[in-house]
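Chain letters run A, B, ... following the sequence lines, proteins first and then strands; every chain starts at 1. Side chains included, hydrogens not; waters and symmetry mates left out as well; all remaining heavy atoms used.
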Number of protein chains: 2
Amino acid sequence: MKALAYGSDQNVGRKMGTVSKALELLDYFTKARPLIGLSDIARLADLNKATCFRLLTELSENGFVEQVGTSREYRLGPSVLRLAALREAQVPTRDAAMPVLQSLAQQTGETAHLSLLIADILRPLAHAYSAAHATKVMLEDTETLPFHATSSGLAVLAFQPEAFRNAVLAKPLAQLTSTTLTNPAALRARIAEVRGLGYAESRGGYESDVHSMAVPLFDALGRCSGALAVAALGTRMGEAQRRMIRYALLQAGTEITTLWGGTLPADIATLWRLAA
Amino acid sequence: MKALAYGSDQNVGRKMGTVSKALELLDYFTKARPLIGLSDIARLADLNKATCFRLLTELSENGFVEQVGTSREYRLGPSVLRLAALREAQVPTRDAAMPVLQSLAQQTGETAHLSLLIADILRPLAHAYSAAHATKVMLEDTETLPFHATSSGLAVLAFQPEAFRNAVLAKPLAQLTSTTLTNPAALRARIAEVRGLGYAESRGGYESDVHSMAVPLFDALGRCSGALAVAALGTRMGEAQRRMIRYALLQAGTEITTLWGGTLPADIATLWRLAA
DNA sequence: ACCAACGGTTCAAATAACAAACCGAAAGCC
DNA sequence: GGCTTTCGGTTTGTTATTTGAACCGTTGGT
């Protein structure tokens with residue numbers, strides 16, 4: 001199993017195959033850092049420059065990265081577009097969820113985002129912003145959502161196999177804000193609570209003034225493979241607002257799970273029906 | 001440089017790194033064959049089962065493929081979605097072109113498609129169909145566009161560096177229909193002609209009753225990195241129809257190149273302006 | 001003119017990939 | 001039921017690939 005690595009956690013001492021190393025290089029491209037030079041990416045990945053060069057060359061030969069003319073920096077290549085189109089054609093995920101996500105943002109007047117569990121890491125896949133407020137939560141550059149410190153993370157974690165939860169909680173858990181829960185036992189309790197409620201909530205656990213709520217999403221294989229969340233400034237999160245957002249979330253969550261061909265676990269279905 | 005391999009061309013005797021082998025596995029997933037078992041894919045890629053298994057495992061650990069529950073077959077994983085979203089955010093390609101593509105299909109009443117030059121291979125990225133005729137050209141399952149036998153291929157080839165053209169024409173060229181041009185010298189003449197016209201045309205070179213026209217597309221780096229084409233049944237391609245399609249193509253081609261931040265080579269810009 | 005950092009290259013040494021044979025399970029097929 | 005084939009997956013010794021450190025030639029800053 002791939003090392004669970006997030007935050008500032010340096011993934012040192014890992015022992016991984018060449019392919020994983022190459023694929024990991026792709027992960028260093030982010031919205032905030034779309035172009036990376038050879039030396040930079042070698043440093044980031046903690047790889048030898050020669051190794052890194054060979055990997056990048058091979059990625060480039062296959063269109064997964066490409067070099068922009070000047071300064072020879074690398075960026076993601078066009079191959080991913082083709083593969084993504086193919087994946088979406090077979091398992092509509094982003095395209096299917098996007099309209100629901102947008103209407104959720106509009107309906108709640110807050111920022112909505114959808115995350116996917118990819119290779120044991122929770123990553124945001126799409127965002128939708130509302131024009132309702134001048135101040136909104138932006139998360140353009142978030143690359144990884146820590147399981148223990150976000151509502152999406154908790155929502156997903158609550159519906160994973162026990163072994164997965166254990167693996168996550170066994171790793172060191174970053175104290176991101178003053179209110180981040182980092183005690184494994186307390187987190188377990190928290191997760192059990194999420195399971196009982198059918199949705200998760202986080203008050204400033206990731207960023208101190210952001211309050212968010214999230215629901216788990218289920219795919220056609222019955223797995224909980226993602227989460228849908230609404231994030232707002234803590235100051236805007238009154239009781240009425242929370243109730244409104246929760247309601248919209250449960251609706252939208254049901255909708256996306258259905259679009260994905262998934263089915264809610266029976267207990268969750270009941271919980272959500274009651275709350276509606 | 002990666003071997004130019006298309007059609008039924010078996011890519012035997014190649015000497016490629018582990019990473020390329022792994023990435024090539026991803027190419028065996030198509031719309032027509034979205035799920036593949038271990039033994040199948042090993043046969044397709046002409047790899048040892050153990051090797052193939054290891055590669056697939058590593059791809060799976062990184063979310064590039066995943067196994068569906070029953071029968072343990074593999075399919076493309078969610079990682080590609082994330083990367084594609086990132087790529088589109090930085091270099092809007094498919095999303096930017098899609099509306100133009102659709103309006104081109106609607107405007108011409110025929111099938112329009114956009115292809116991208118990925119790692120020396122021309123691959124269709126998106127299609128748009130028109131509802132105007134009951135019979136239309138379908139190309140859902142086309143995986144690779146042979147340069148010598150399609151209008152898109154000729155359009156792209158005409159604007160590549162000489163070395164690239166040579167590499168393509170040096171390979172054996174498949175005789176796909178009775179009218180497919182396979183003589184390198186004749187093809188060179190054809191390509192020169194395309195250069196002089198600013199667009200390419202193919203009458204039944206790929207499928208015997210399909211007539212298509214294509215224009216090259218240029219990206220922000222000044223490369224010709226794709227083609228835009230309209231394909232119709234040969235029987236519908238009268239002179240008036242050809243003129244209409246050509247006009248719409250030049251318009252749409254200009255538009256997409258502009259959206260991509262590219263600039264037309266001066267001679268082409270002039271040609272297209274004159275034709276409009 | 002210097003120096004540092006860049007992208008890229010080289011080559012011996014270390015490591016990871018390879019092929020073949022094997023395993024238990026499931027699916028035909030008599 | 002029993003025989004055979006094929007499946008996904010594993011193991012092993014051999015082999016070929018990957019790796020890391022040092023080394024180029026350039027570029028850009030001071």
A.B. asks: Between Arg123(A) and Arg82(B), which heavy-atom pair has the shortest distance, and what is it?
C.D. replies: CD-CD, 2.8 Å

A.B. asks: Pick base, sugar-phosphate or nothing for Arg54(B), based on heavy-atom distances below 4.0 Å to the nucleic acid.
C.D. replies: sugar-phosphate

A.B. asks: Lys49(A) has an atom NZ; how far is it from atom P of dA5(C), in whole Å?
C.D. replies: 11 Å

A.B. asks: Please confirm whether the shortest side-chain N or O distance from Ser39(A) to OP1 or OP2 of dG7(C) is below 4.0 Å.
C.D. replies: yes

A.B. asks: Can you tell me the distance, in whole Å, between the CD atom of Glu73(B) and the P atom of dG9(D)?
C.D. replies: 11 Å

A.B. asks: Any idea which heavy atoms bring Thr257(B) and Phe218(B) closest together, and the distance?
C.D. replies: OG1-N, 3.2 Å

A.B. asks: Within a strict 4.5 Å, meaning less than it, do heavy atoms of the Leu145(B) and His113(B) side chains meet?
C.D. replies: yes

A.B. asks: Rounding to an integer number of Å, can you tell me how far Leu47(A) CG sits from dT19(D) C1'?
C.D. replies: 10 Å

A.B. asks: Provide, to the nearest angstrom, the distance between the CD atom belonging to Glu66(A) and the C1' atom belonging to dG7(C).
C.D. replies: 18 Å

A.B. asks: Quick one: on DNA chain D, does Thr18(A) or Ala50(A) contact a more 5' nucleotide (nearest heavy atom)?
C.D. replies: Thr18(A)

A.B. asks: Taking only N and O in the side chain of Thr51(A), is any of them less than 4.0 Å away from OP1 or OP2 of dG20(D)?
C.D. replies: yes

A.B. asks: Which whole-number value in Å describes the distance from Leu56(B) CG to dC18(C) P?
C.D. replies: 12 Å

A.B. asks: It should be established whether Lys21(A) places a side-chain nitrogen or oxygen under 4.0 Å from OP1 or OP2 of nucleotide dT19(D).
C.D. replies: yes

A.B. asks: Expressed as a whole number of angstroms, how long is the span from Asn48(A):CG to dA16(C):C1'?
C.D. replies: 16 Å

A.B. asks: Does dG7(C) have OP1 or OP2 sitting under 4.0 Å from an N or O in the side chain of Arg43(A)?
C.D. replies: no

A.B. asks: Could you state the atom-to-atom distance from CD1 of Ile41(B) to C1' of dG9(D) in whole Å?
C.D. replies: 15 Å

A.B. asks: Among dG9(D), dG8(C), dC7(D), find the nucleotide with the atom closest to the side chain of Asp40(B).
C.D. replies: dC7(D)

A.B. asks: Give Gln67(A) one of three labels, base, sugar-phosphate or nothing, depending on what nucleic acid heavy atoms sit under 4.0 Å from its own.
C.D. replies: sugar-phosphate

A.B. asks: What's the closest nucleotide to the Phe53(B) side chain, out of dG8(D), dG7(C), dT10(D)?
C.D. replies: dT10(D)

A.B. asks: Out of Thr254(B), Leu217(B), Asp95(B), Val100(B), which residue meets the side-chain contact (heavy atoms from CB on, under 4.5 Å) rule with Leu259(B)?
C.D. replies: Val100(B)

A.B. asks: Please give me the minimum heavy-atom distance between Leu23(B) and Asn62(A), naming the atom from each residue.
C.D. replies: CD1-CB, 3.8 Å

A.B. asks: Taking the nucleotide of DNA chain C with the nearest heavy atom to each, does Val19(A) or Tyr74(A) sit closer to the 5' end?
C.D. replies: Tyr74(A)

A.B. asks: Please state how far atom CD1 in Ile36(B) lies from atom P in dC7(D), giving the value in whole angstrom units.
C.D. replies: 14 Å

